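All residue numbers in this chain count up from 1 along the given sequence. Values in this document were obtained by computation on a predicted structure and should not be read as measured data.
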Amino acid sequence: ADLGSFNFTAANDGSVKVTSLKVKRIGVSSDALLSAVYLYDGNNRITDNAIVSSNFITFNNPNGLFTVAAGTTKVINVRSNISSDNTTGSQVGVAIERASDIGSVATITGSFPMNANIMSVSSATLATFAMNATTEPTTTTIDAGQNEIAVWKNSVSVGQREVSLE
């Protein structure tokens with residue numbers, strides 16, 4: 001789940017390396033709702049998974065989580081796996097509470113706290129799809145010269161909603 005996006009901007013006089021980031025889980029939910037939290041730069045995951053502890057997720061890398069080039073803005077996304085247990089009715093988001101939650105040798109300024117949107121969590125069975133355990137044909141050889149041979153055949157069952165097989 002995409003929990004929030006934050007813009008990091010570097011001044012024109014030099015690039016900025018961010019070495020740590022502390023994010024707060026906000027909303028009405030438990031720490032266990034977010035089973036693994038990651039930072040992304042676009043579609044690239046830039047951290048290993050972190051866990052939520054007492055409402056906070058902390059990412060650290062002394063070599064740099066990410067670097068913002070001089071005069072540019074980088075969008076960093078906070079994404080998480082959502083636990084399959086006890087999710088319905090939860091509301092969750094993320095926030096950066098204060099400048100000191102961003103670790104860098106550069107001076108950090110901004111309007112804090114920076115809150116992402118709060119999102120509702122629910123569960124649903126959108127569709128089910130099951131294949132038969134046996135696949136036909138059971139023979140693994142085909143004689144040369146044979147025509148109209150089935151090379152794969154199986155039965156499927158679909159439930160709840162339509163499923164497109166391509």
field: Distance-minimising heavy-atom pair for Ser5 and Val75
entry: CB-CG1, 3.9 Å

statement: For Ser80 and Leu3 the tightest heavy-atom approach is CB-CD1, 3.7 Å

- request: Could I get the full list of ring pair (Phe, Tyr, Trp, His ring centres under 6.0 Å) partners for Phe8, not counting sequence neighbours?
  value: Phe66

Worked verdict on Ile149 versus Asn147 for side chain to side chain contact (heavy atoms under 4.5 Å, CB included): CA-CA 6 Å; Ile149 301 296; Asn147 295 323; over 6 Å; no

Under 3.5 Å, sequence neighbours excluded: what are the donor-acceptor pairs made by side chains of residues 32-52?
unit_1, atom_1, unit_2, atom_2, d
Ser35, OG, Asn81, O, 3.4
Asp41, OD2, Lys74, NZ, 2.8
Arg45, NE, Thr47, O, 3.1
Thr47, OG1, Leu39, N, 2.9

- request: Kindly write out the residues that satisfy side-chain contact (heavy atoms from CB on, under 4.5 Å) with Val28, not counting sequence neighbours, or none if the list is empty.
  value: Gln91

- line: Val105 meets the side-chain contact (heavy atoms from CB on, under 4.5 Å) criterion, sequence neighbours left out, with none

Using a 3.5 Å cut-off and no angle test, enumerate the donor-acceptor pairs between side-chain atoms of residues 111-118 and protein atoms at least two apart in sequence or in another chain.
none

message: What I'd like to find out is whether the side chain of Phe129 reaches to under 4.5 Å of the side chain of Val156, using heavy atoms alone.
response: yes

Close side-chain approach of Ile96 and Ile102, heavy atoms under 4.5 Å: yes

Are [Y] and [X] linked, directly or through intermediate hydrophobic residues, by side-chain heavy-atom contacts shorter than 4.5 Å (ILVMFWY only)?
X      : Y      : result
Val68  : Ile108 : yes
Val121 : Val78  : yes
Ile26  : Phe59  : no

Enter the distance from [X]:[atom1] to [Y]:[atom2] here, rounded to the nearest 0.5 Å.
X      : Y      : atom1 : atom2 : result
Ser29  : Met119 : OG    : CE    : 10.5 Å
Ile82  : Ser122 : CD1   : OG    : 10.5 Å
Ser157 : Met131 : OG    : CE    : 10.0 Å

Acceptor/donor pairs from residues 15-24 side chains to any protein atom, 3.5 angstrom cut, sequence neighbours excluded:
unit_1, atom_1, unit_2, atom_2, d
Thr19, OG1, Gly103, O, 3.3
Ser20, OG, Gly103, N, 3.3
Lys24, NZ, Glu97, OE2, 3.4

- request: Return yes if a side-chain donor-acceptor contact under 3.5 Å exists between Asn7 and Thr73, otherwise no.
  value: no

